[in-house]
Amino acid sequence: MEKVFGILGHPVGHSMSPIIHNDAFEKIGIEARYHAFDVDPDQVKEAIEGIRALKITGCNVTVPHKIAVMKYLDEIDSEAEQIGAVNTIVNQNGKLVGYNTDGRGYVKSLLDETSIDLANMKVLVIGAGGGARGIITALLRQGIGHLTITNRTISKAELLIDLAATFDTPAEALEKQVVEEKLNEFDVIINTTSVGMSPNVDESPLSLDRLKEETIVSDLIYNPLETKLLKEAKAKGAQTLNGIGMFVNQAALSFEHWTGQKPDEIQMRKIVLQQLGGPSC
Ligand code: ATR
């Protein structure tokens, strides 16, 4: 019988997940269909019960349900627990297990697209929301030299510093102006905020006046493919990374959790770029 997969979100109509997963199922030869399910915030519990009742094999979870689904699942993987959010549900014969592939997806894209050895690197994360938490957790699990977090609301950055302490990684929360003044000290800069996302393409979360050429500058945004932050970084000779790699890798890791098989990530990337109207390679 055809297996059923899906994404739970609200709104979810513009999600690119159905198209990339359905293509991967077809290419690998798995009889399955992946749907977008628009779940109202007051019906998350019923949606999870629906997964059980309908024997849906696996789901992705997106905004705004990544935290809300957790209390209805049977088991939460340790990384998802640490992040405090779930983006992948696996139905193991009726037992629903929650995972989070966002952070690992990001770190994989960083390692794949650059030749960086993160072990001694000084990393600056801009933002302290859900996206930042996933990435910071994955970076700390991978192992980095030093973590700095800057955020409009500095108290939220300070909360994330406590997470670094559990990994014995030196970390600090700094105001934006302080970070801008010592920007040349960082090896990797990661924007996790929505600043610069379409339609606000003329905004940038940070001044790059003091950026050094060797720094890798990365933005989780993929619409536009090149944000103002990345354009400015590129103009200064720095290597840049947009959010496509993270999106594709989190999807590929979810696919592996459900099927035990690796999808073709290059093909996934191609589809995403086509959907976004960019170049197809
Ligand atoms: P996500 O799950 O995508 O990370 P979020 O939890 O709402 O979304 O977090 C959004 C992040 O972007 C936060 O760090 C937020 O800063 P605050 O904590 O001060 O709210 C940041 N952010 C959003 N809009 C911003 C803006 N216009 N300027 C600066 N930071 C902004």
Side-chain angles (χ1 to χ4, degrees), residues 4-25 32-51 54 56-73 76-77 79-91 96-109 127-138 191-194 197-198 219-223 242-259 263 265 268-269 271-273 275-276:
V4 178
F5 294 83
I7 179 163
L8 315 180
H10 181 73
V12 78
H14 290 99
S15 169
M16 287 184 285
S17 296
I19 183 162
I20 58 173
H21 285 294
N22 281 325
D23 183 78
F25 285 132
R33 200 74 206 151
Y34 184 111
H35 303 270
F37 297 115
D38 192 330
V39 176
D40 288 337
D42 63 350
Q43 291 201 305
V44 171
K45 181 171 185 261
E46 288 81 356
I48 300 298
E49 280 168 2
I51 295 176
L54 302 174
I56 290 173
T57 310
C59 277
N60 280 128
V61 185
T62 189
V63 178
H65 302 319
K66 288 185 187 186
I67 300 167
V69 294
M70 293 179 77
K71 65 172 181 265
Y72 305 115
L73 303 178
I76 308 283
D77 155 79
E79 185 167 3
E81 190 80 63
Q82 222 155 23
I83 294 170
V86 158
N87 81 328
T88 305
I89 299 172
V90 182
N91 186 347
L96 301 187
V97 185
Y99 296 89
N100 193 314
T101 64
D102 288 330
R104 267 196 305 136
Y106 172 76
V107 171
K108 185 170 183 298
S109 74
R133 197 175 170 94
I135 279 163
I136 288 168
T137 304
N191 175 42
T192 71
T193 75
S194 51
M197 190 187 286
S198 180
D219 204 323
L220 301 201
I221 295 170
Y222 52 78
N223 186 13
N242 66 21
I244 296 276
M246 173 175 169
F247 178 72
V248 166
N249 286 331
Q250 64 76 30
L253 290 167
S254 296
F255 192 95
E256 272 186 73
H257 276 303
W258 298 323
T259 66
E265 290 172 14
M268 280 184 160
R269 174 182 279 266
I271 294 174
V272 172
L273 286 170
Q275 293 294 307
L276 292 169

Just by modelled atom types, is the [Y] backbone N or O under 3.5 Å from a matching donor or acceptor in the [X] side chain?
| X | Y | answer |
| --- | --- | --- |
| Arg133 | Gln82 | yes |
| Asn100 | Ala85 | yes |
| Asn249 | Gly105 | yes |
| Asn60 | Asn87 | yes |
| Asp40 | Asp42 | no |
| Trp258 | Asn91 | no |
| His65 | Val39 | yes |

ask   = Is there a side-chain contact (heavy atoms from CB on, under 4.5 Å) between Asp102 and Lys66 once you walk through the steps?
value = CA-CA 11 Å; Asp102 288 330; Lys66 288 185 187 186; 2.8 Å; yes

Distance, nearest 0.5 Å, that separates CD1 of Ile56 from CZ of Arg33 = 14.0 Å

remark   = Between the CE atom in Met246 and the CD1 atom in Ile135, the distance rounded to the nearest 0.5 Å is 4.5 Å

query = Within a strict 4.5 Å, meaning less than it, do heavy atoms of the Leu8 and Ile51 side chains meet?
reply = yes

inquiry  = Tell me if the aromatic rings of Tyr222 and Phe247 count as close, with their centers under 6.0 Å from one another.
reply    = yes

ask   = Can you name the residues that form a side chain to side chain contact (heavy atoms under 4.5 Å, CB included) with Tyr72, not counting sequence neighbours?
value = Val44, Lys45, Ile48

query = More than 12 heavy atoms of other residues, nucleotides or ligands under 6.0 Å from CD1 of Ile67: is that the case?
reply = no

message = Under the rule for side-chain hydrogen bond (donor to acceptor under 3.5 Å, both in side chains), what residues qualify as partners of Asn191, not counting sequence neighbours?
response = Thr193, Asp219

ask   = Relative to the ring of Phe25, is the ring of Phe255 parallel (under 30°), tilted (30 to 60°) or perpendicular (over 60°)?
value = tilted

